[in-house]
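Following: one structure in structure tokens, then a few remarks.
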Amino acid sequence: MKSHASRFAALAATFALSMSAASIAHAQTADYPYKPIRVIVPFGAGSVTDQLARTVGSGLAEALGQSVVVENRPGAGGNIGAGFVATSAPDGYTLLMGAASTNAINPSLYKNLRFDPLKDFVPVANVASVTNVLVVNPELKVGTVTELIKALKNGSYSYASGGAGGSQHLSAELFKSMSSTDMVHIPYKGGSEPIPDLISNRVQVMFCNLPVCLPHIKSGKLVALGVTSSKRSPLLPEVPTIAEAGLPGYSVDGWFALFAPAKVPAEIVARLHDETAKLLAKPEVQEQIRRQGAEPNQSTQAEFAKFVQAEHDKWAKVIQDANIRIE
């Protein structure tokens, strides 16, 4: 009898504790946010990711009635900052301004990644994208994508990038794969570092971040053959997409988005998504993002989750086919 009573008391205590935890979780969700929110940027201050995080952060602070603090934690291709968020408390107070690299590319690129960008995060909101532009030195004497493909099949050329595994490198590897061409990769230590060598014809080709190369395209020092995005860029409306210009199906968008740790309550994720969507719909915010060289993005949570998975699968194949690894 005593044994039954003890078991009953234990069950009652367990039930009371679970109900108490559920009540606390409900209260935390209902009161969200009751303290400042951190948005972790896994890259340095002044980067596109950083600028977008500050734009979104200031807007969310106004909408949510709480301060939003942007914190830079750069290193290891974005993995340090992303890993910090992945292991943070899933309460909605630590978010990641992630990118294609951190949340779609790095899982295939880095051998010993200590977190899973697909399983350890929940996509909150797609924010913006930046295109690369395929540029060549004028001395190459090609004016279209098809002419470049022909030249590559008949000669030996090199292409520059801002570093192994970055969007510039992978844009070129996808191009090589889809066009059945080859070029020698010359990696540099940053997206703008190759520009002097490109202008002086030490390297001939580059998939350059559009804001970086735009002044040199306008001055005639570089020739733009196509943008990597699926749509033409408002910054270069006369330049076709690479898909339009001779390589159907080619598309690379450098995208940036808000993510949260995987177990953040769905109600909090939905609120963050909705407030971000409202923010991105404002013309003044769209204009601010375009001044940063990016295009605002809009999608539902479900659409964005499918997009992240598709991007992961696409780049996994490109990285495997090109045998690219970073220890």
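- In this structure, the side chains of V212 and I195 come closer than 4.5 Å at one or more pairs of heavy atoms.
- R291 is linked by a salt bridge (charged side-chain N to carboxylate O under 4.0 Å, His left out) to nothing, counting only residues two or more places apart in sequence or in another chain.
- Atoms OG and CZ, on S108 and R325 in that order, are 7.5 Å from each other to the nearest 0.5 Å.
- For the disulfide (SG to SG under 2.5 Å) condition, no pair includes a residue of residues 116-179, sequence neighbours left out.
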How far apart are the C-alpha atoms of Q66 and Y32, what are their side-chain angles, what is the distance that settles it, and do they pass the side chain to side chain donor-acceptor pair (under 3.5 Å) test? CA-CA 10 Å; Q66 275 288 352; Y32 180 85; over 6 Å; no
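- If you run salt bridge (Lys or Arg N to Asp or Glu O under 4.0 Å) between E295 and each of K231, R232, R290, only R290 comes through.
- For residues 69-89, the set of pairs meeting the ring pair (Phe, Tyr, Trp, His ring centres under 6.0 Å) definition, not counting sequence neighbours, is empty.
- Considering only heavy atoms from C-beta on, M97 stays 4.5 Å or farther from I40 through its side chain.
- By the salt bridge (charged side-chain N to carboxylate O under 4.0 Å, His left out) test, D253 pairs with no residue at all, sequence neighbours left out.
- Checked against S161 for a side-chain hydrogen bond (donor to acceptor under 3.5 Å, both in side chains), the options H169, Q168, H185 give a single hit: H185.
- Side-chain contact between D50 and F43 is absent, with no heavy-atom pair separated by less than 4.5 Å.
- A donor-acceptor contact closer than 3.5 angstrom is absent between the side chains of D321 and S177.
- Of the options T102, V122, V308, a side chain to side chain contact (heavy atoms under 4.5 Å, CB included) to F259 is made by V308 and by none of the others.
- Contact check for F175 versus V145: side-chain heavy atoms found under the 4.5 Å cut-off.
- A heavy-atom distance below 4.5 Å is not found between the side chains of L272 and V264.
- With sequence neighbours excluded, no residue forms a side-chain contact (heavy atoms from CB on, under 4.5 Å) with T87.
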Exercise answer: donor-acceptor pairs, residues 198-207 side-chain atoms, under 3.5 Å, sequence neighbours excluded:
{"from": "S200", "atom 1": "OG", "to": "P196", "atom 2": "O", "distance (Å)": "3.0"}
{"from": "S200", "atom 1": "OG", "to": "D197", "atom 2": "O", "distance (Å)": "3.3"}
{"from": "S200", "atom 1": "OG", "to": "R202", "atom 2": "NH1", "distance (Å)": "2.9"}
{"from": "N201", "atom 1": "ND2", "to": "E139", "atom 2": "OE1", "distance (Å)": "3.2"}
{"from": "R202", "atom 1": "NH1", "to": "D197", "atom 2": "OD1", "distance (Å)": "3.3"}
{"from": "Q204", "atom 1": "OE1", "to": "S158", "atom 2": "N", "distance (Å)": "3.0"}
{"from": "Q204", "atom 1": "OE1", "to": "S158", "atom 2": "OG", "distance (Å)": "3.2"}
{"from": "Q204", "atom 1": "NE2", "to": "N201", "atom 2": "O", "distance (Å)": "3.4"}

